[in-house]
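These notes are about the structure you will find just below.
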Amino acid sequence: MVTLHEYSSLSDFDSTRRDALASLLYSDEEFIYGIDVYDAMFMTKKRASKLVLTDRRVIEFKRGFIKESSKDFSLEDIASIEYDKGYVMRKITIEGQGISKDFQSLEDYGKTFVTAVREQMQRNADDREPIEAPTVESGSTAGDVTSTSGGSIPSKFGSIKIHVIILILTFWTFGFMNLVYAGYGYYKFKNATSAE
């Protein structure tokens, strides 16, 4: 029977696979854990792949005598990862956005791997900045709401200050210019909100 292994660091791999895996990692990416798995029912040493967890991805890696192949799954794209313990086989199932993959294992390392992935996904979720809602700065009018994208959303009928200035300068029009300005403000407000 083929013996499968687990890897707590890159130094646990043989030099050929260690160098190949190191070349796959981004400069600021951190290796966390790895195990041997099979992607088919043929239990031969040549069919063994490595399933590697980093702080960003799960990498399926296989290096043969001539050919080297790898496929990675972003932790953000993984919707679920499951571990199923059968009588003989241990199965890891990864599902998510464009992902549906099963891996077979003969050891209990699969359970440890799945737990490690879930914990890293939770850490990544905790580290993400919460999205801030638009805020109204103190001292500003209701028409001066600033969006988080850096631009400002115009008020529905224009600024109160400008209405007062128009009223003072054009008092003889009996507020007609204020109505024109309010209409212009409403037009800008509608365009700004529909663009979002």
Side-chain angles (χ1 to χ4, degrees), residues 1-135 147-150 196:
M1 181 178 282
V2 177
T3 303
L4 301 184
H5 301 281
E6 67 176 335
Y7 308 92
S8 299
S9 70
L10 281 176
S11 61
D12 292 342
F13 293 93
D14 62 72
S15 60
T16 304
R17 287 171 178 79
R18 179 174 59 245
D19 293 344
L21 276 169
S23 70
L24 293 175
L25 301 182
Y26 302 125
S27 60
D28 57 344
E29 191 172 16
E30 178 187 351
F31 174 92
I32 295 175
Y33 185 61
I35 59 172
D36 288 338
V37 293
Y38 291 100
D39 53 4
M41 292 300 295
F42 302 103
M43 300 301 151
T44 64
K45 188 72 173 174
K46 292 179 180 177
R47 295 292 298 175
S49 298
K50 313 295 181 195
L51 207 56
V52 172
L53 170 66
T54 74
D55 58 340
R56 299 185 194 178
R57 303 177 285 167
V58 171
I59 303 171
E60 176 191 0
F61 172 78
K62 184 176 179 182
R63 173 150 178 103
F65 182 69
I66 299 173
K67 187 178 175 185
E68 176 184 310
S69 63
S70 67
K71 184 173 184 180
D72 62 280
F73 314 103
S74 169
L75 294 181
E76 291 183 1
D77 293 337
I78 296 175
S80 71
I81 181 166
E82 303 295 331
Y83 171 75
D84 183 31
K85 182 177 179 181
Y87 288 110
V88 178
M89 301 301 300
R90 276 69 168 164
K91 184 171 76 169
I92 298 170
T93 303
I94 301 176
E95 299 281 347
Q97 184 176 341
I99 305 168
S100 182
K101 188 83 178 182
D102 290 338
F103 300 95
Q104 307 291 338
S105 176
L106 292 174
E107 305 289 342
D108 288 331
Y109 300 139
K111 186 175 184 180
T112 305
F113 186 84
V114 168
T115 301
V117 170
R118 288 175 178 163
E119 289 174 352
Q120 186 60 43
M121 288 170 68
Q122 185 59 52
R123 276 194 293 273
N124 290 358
D126 292 343
D127 288 343
R128 283 191 208 106
E129 292 285 333
I131 299 172
E132 295 182 14
T135 57
S147 70
T148 55
S149 61
E196 295 183 356

| message | Taking side chain to side chain donor-acceptor pair (under 3.5 Å) as the definition, give me every residue that meets it alongside Gln97, ordered by chain and number, with sequence neighbours left out. | response | none
| query | Listed by chain and number, what are the side chain to side chain contact (heavy atoms under 4.5 Å, CB included) partners of Ser80, not counting sequence neighbours? | reply | Glu82, Glu95
| Close side-chain approach of Leu51 and Ile59, heavy atoms under 4.5 Å | no
| task | Report the distance from atom CG of Leu21 to atom OG1 of Thr16, rounding to the nearest 0.5 Å. | result | 11.0 Å
| task | Keeping to residues at least two apart or across chains, list the side chain to side chain donor-acceptor pair (under 3.5 Å) pairs with something in residues 20-31. | result | Asp28-Arg56, Glu29-Thr54, Glu29-Arg57
| task | Please test Glu68 against Lys62 for salt bridge (charged side-chain N to carboxylate O under 4.0 Å, His left out), starting from the C-alpha separation and ending with a verdict. | result | CA-CA 6 Å; Glu68 176 184 310; Lys62 184 176 179 182; over 6 Å; no
| Taking side chain as C-beta onward, heavy atoms only, is Ile92 less than 4.5 Å from Val114? | yes
| Can Val117 and Leu75 be said to form a side-chain contact (heavy atoms from CB on, under 4.5 Å), step by step? | CA-CA 8 Å; Val117 170; Leu75 294 181; 4.2 Å; yes
| said: Test of understanding: with side chain to side chain donor-acceptor pair (under 3.5 Å), list the residues that count as partners of Arg123, not counting sequence neighbours. | reply: Gln120
| query | Does the side chain of Lys71 reach to within under 4.5 Å of the side chain of Phe61, using non-hydrogen atoms? | reply | no
| query | Does Glu76 have any side chain to side chain contact (heavy atoms under 4.5 Å, CB included) partners at least two apart in sequence or in another chain, and if so, which? | reply | Ser74, Arg128
| task | Go through the structure and list residues passing side chain to side chain contact (heavy atoms under 4.5 Å, CB included) with Lys85, not counting sequence neighbours. | result | Tyr83, Arg90, Asp108
| request: Test side-chain contact (heavy atoms from CB on, under 4.5 Å) on Val52 and Val58 and set out the steps. | output: CA-CA 6 Å; Val52 172; Val58 171; over 6 Å; no
| request: Decide side-chain contact (heavy atoms from CB on, under 4.5 Å) for Asp36 and Ser105; before the verdict, give the C-alpha distance in whole Å, the side-chain angles of both, and the deciding distance to 0.1 Å. | output: CA-CA 7 Å; Asp36 288 338; Ser105 176; over 6 Å; no
| field | Atom pair CZ (Phe31) and OG (Ser11), whose distance is rounded to the nearest 0.5 Å | value | 8.5 Å
| said: Once side chain to side chain contact (heavy atoms under 4.5 Å, CB included) is applied, do any residues pair with Ile99, and if so which ones, sequence neighbours excluded? | reply: Phe73, Asp77, Ile78, Ile94
| request: Can you measure from CD (Gln104) to CG (Leu4) and round to the nearest 0.5 angstrom? | output: 11.0 Å
| side chain to side chain donor-acceptor pair (under 3.5 Å) with Tyr109: which residues, sequence neighbours excluded? | none
| said: I'd like to check the side chain to side chain donor-acceptor pair (under 3.5 Å) partners of Thr112; sequence neighbours left out, ordered by chain and number. | reply: none
| task | Look only at the side chain of Asp55 and the backbone of Ile32, and say whether a donor-acceptor pair between them is shorter than 3.5 Å. | result | no
| query | Within a strict 4.5 Å, meaning less than it, do heavy atoms of the Phe113 and Leu53 side chains meet? | reply | yes
| query | From Ser49 OG over to Ile35 CD1, what is the distance, rounded to the nearest 0.5 angstrom? | reply | 11.0 Å
| said: Is the shortest side-chain heavy-atom distance between Lys50 and Phe13 below 4.5 Å? | reply: yes
